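Not measured: the values here are computed from a predicted model.
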Amino acid sequence: KNLFAQDSLIQKSIFPEGITIEYGIGSYAVTDEYISTEKYSGSLPYYSIAWSNQHSDYVYRLKIDFQNSSEIKNNNVSADIYQFTLNQGFSYALPKFTLFDNDAYFYLGPSTELFFYYNEQNIAVSGFDYAQSFAMLISGGINSQIFYKLFDKLNIEGSLDFNILSFGFRMVDDEETDESPVKILTLISANNFVFSFGPRYYLLENLSIKAEYLFHLTRIDSWESLLSASDNVVFTLTYGF
């Protein structure tokens, strides 16, 4: 019973509670066929703030991230890119398991998400609609986290978040089509996929730092196709109250 109680305490403390601030930088590429079939690419900074709170049998997490750059280019043509994500999820601990003689902890649960994308071309055009594009997904999905305990103060962490069913909103050309700007989208027609992996070190019991690789993929095949992807190196500071 004592060992079981000890494992339960570790299981509850392994998830980093509190407020988390993140900053990252990396490469970004997008093909937005509402504007052009050409690929635009460049550097896109990443900013994020999150809150996690441990309850008796689940962890609640709320996360906001924002990305913006005016240096996303195709040859000499540049675009201002804005991306915003608001994600909340509930994570439930699965039974602890052993991997390569070390303990590992896995969390899984549902999530809801608002994702917004906006693309404004830095070109002079006569038509307002052809210089900008936007898309939005309001989704239900799955979030998952894994914690692999290397040492007392050092964990390897990974996460995977993705949508299953979404309400999609997209700019449409009223002159060319009578297609609705609002649709219900499944995994076949829309994906918003985020994967991260990296080490976390605990400076204090309630203060930790983390460096991670973060990959973000967005694909919307309804309407004119939108496909974007980013690779980021992200630095994280978490403080637990």
Side-chain angles (χ1 to χ4, degrees), residues 22-49 63-88 111-141 161-195 214-232 234:
E22 297 183 323
Y23 170 75
I25 192 68
S27 59
Y28 175 85
V30 61
T31 302
D32 184 346
E33 293 190 2
Y34 182 82
I35 292 177
S36 170
T37 57
E38 299 293 326
K39 182 178 76 172
Y40 285 69
S41 60
S43 179
L44 190 66
Y46 174 88
Y47 306 93
S48 173
I49 185 168
K63 183 176 182 180
I64 300 171
D65 64 60
F66 175 75
Q67 294 176 277
N68 168 239
S69 176
S70 59
E71 298 299 319
I72 309 300
K73 295 182 177 181
N74 175 263
N75 295 318
N76 293 325
V77 180
S78 66
D80 288 330
I81 299 292
Y82 300 84
Q83 288 192 171
F84 170 85
T85 305
L86 171 63
N87 181 289
Q88 69 164 357
S111 64
T112 56
E113 182 176 85
L114 168 66
F115 170 76
F116 178 79
Y117 157 91
Y118 179 71
N119 180 343
E120 182 177 15
Q121 299 286 290
N122 295 317
I123 55 176
V125 294
S126 58
F128 174 75
D129 289 345
Y130 300 102
Q132 63 175 342
S133 171
F134 82 87
M136 184 167 67
L137 297 173
I138 301 175
S139 307
D161 300 337
F162 60 92
N163 64 310
I164 296 176
L165 186 67
S166 306
F167 283 103
F169 301 81
R170 184 79 160 115
M171 181 175 283
V172 297
D173 185 353
D174 294 333
E175 297 178 1
E176 297 290 334
T177 179
D178 58 358
E179 194 172 16
S180 171
V182 182
K183 293 182 181 180
I184 296 177
L185 306 175
T186 67
L187 279 172
I188 297 173
S189 52
N191 305 111
N192 201 35
F193 172 98
V194 181
F195 168 78
L214 186 146
F215 174 74
H216 184 186
L217 173 71
T218 301
R219 178 187 66 87
I220 302 176
D221 281 345
S222 291
W223 307 284
E224 284 85 3
S225 177
L226 170 66
L227 178 64
S228 70
S230 62
D231 291 289
N232 300 275
V234 177

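- Side-chain contact check for Tyr28 versus Gln83: some heavy-atom pair is nearer than 4.5 Å.
- Ser70 and Asp80 make their closest contact through CB-OD1, 2.6 Å (heavy atoms, listed as atom of the first residue, atom of the second, distance).
- Residues Lys39 and Asn74 approach most closely at O-ND2, 2.9 Å, considering heavy atoms.
- In plain terms, the two heavy atoms of Leu217 and Ala229 that are nearest each other are CD1-CB, 4.1 Å.
- Checked by atom type and distance alone, the side chain of Ser48 pairs as donor or acceptor with a backbone atom of Ile64 at under 3.5 Å.
- Annotation: side chain of Ile138 is not in contact with side chain of Thr112 (no heavy-atom distance under 4.5 Å).
- Atom OG of Ser139 is separated from atom CG of Leu165 by 8.0 Å, given to the nearest 0.5 angstrom.
- Interatomic distance, CD of Gln88 versus CD of Glu113, reported as 11.0 Å (0.5 Å rounding).
- Between the side chains of Asn232 and Ser230, a donor-acceptor pair is found at a separation under 3.5 Å.
- Going from atom CG of Asn68 over to atom OH of Tyr82 covers 4.5 Å, rounded to the nearest 0.5 Å.
- Within the 4.5 Å cutoff, the side chain of Tyr34 has no heavy atoms near those of the Asn119 side chain.
- Salt bridge absent: Lys63 and Asp65 never bring a charged side-chain N and a carboxylate O closer than 4.0 Å.
- The shortest heavy-atom contact between Val172 and Ser180 is CG1-O, 4.3 Å.
- Minimum interatomic distance between Ile220 and Ala135 (heavy atoms only, all atoms of both residues): CD1-CB, 3.9 Å.
- With contacts defined as side-chain heavy-atom distances shorter than 4.5 Å, the pair Lys183/Trp223 qualifies.
- At least one side-chain heavy atom of Ser222 sits under 4.5 Å from a side-chain heavy atom of Leu185.
- With contacts defined as side-chain heavy-atom distances shorter than 4.5 Å, the pair Ser69/Pro45 qualifies.
- In this structure a side-chain-to-backbone donor-acceptor pair under 3.5 Å is missing from Asn163 to Gly141.
- Between Gln67 and Ile81, every side-chain heavy-atom pair lies at or beyond the 4.5 Å cut-off.
- Taking OH from Tyr40 and OG1 from Thr31, the interatomic distance works out to 10.0 Å, rounded to the nearest 0.5 Å.
- Taking each heavy atom of Gly168 and Leu137 in turn, the nearest pair found is CA-CD2, 4.0 Å.
- Between the CZ atom in Phe162 and the CG atom in Asn192 there is a gap of 12.0 Å [rounded to 0.5 Å].
- Other residues, nucleotides and ligands contribute more than 12 heavy atoms inside 6.0 Å of the CZ atom of Phe215.
- Once rounded to the nearest 0.5 Å, the distance linking OH of Tyr117 with CG of Asp32 reads 3.5 Å.
- Phe167 has its side chain within reach of Ile184: a pair of non-hydrogen atoms, C-beta onward, lies under 4.5 Å apart.
- Just one of Glu33, Glu120, Glu224, Arg170 meets the side-chain hydrogen bond (donor to acceptor under 3.5 Å, both in side chains) condition when paired with Ser133; it is Arg170.
- Residues Tyr47 and Tyr23 bring their aromatic ring centres within 6.0 Å.
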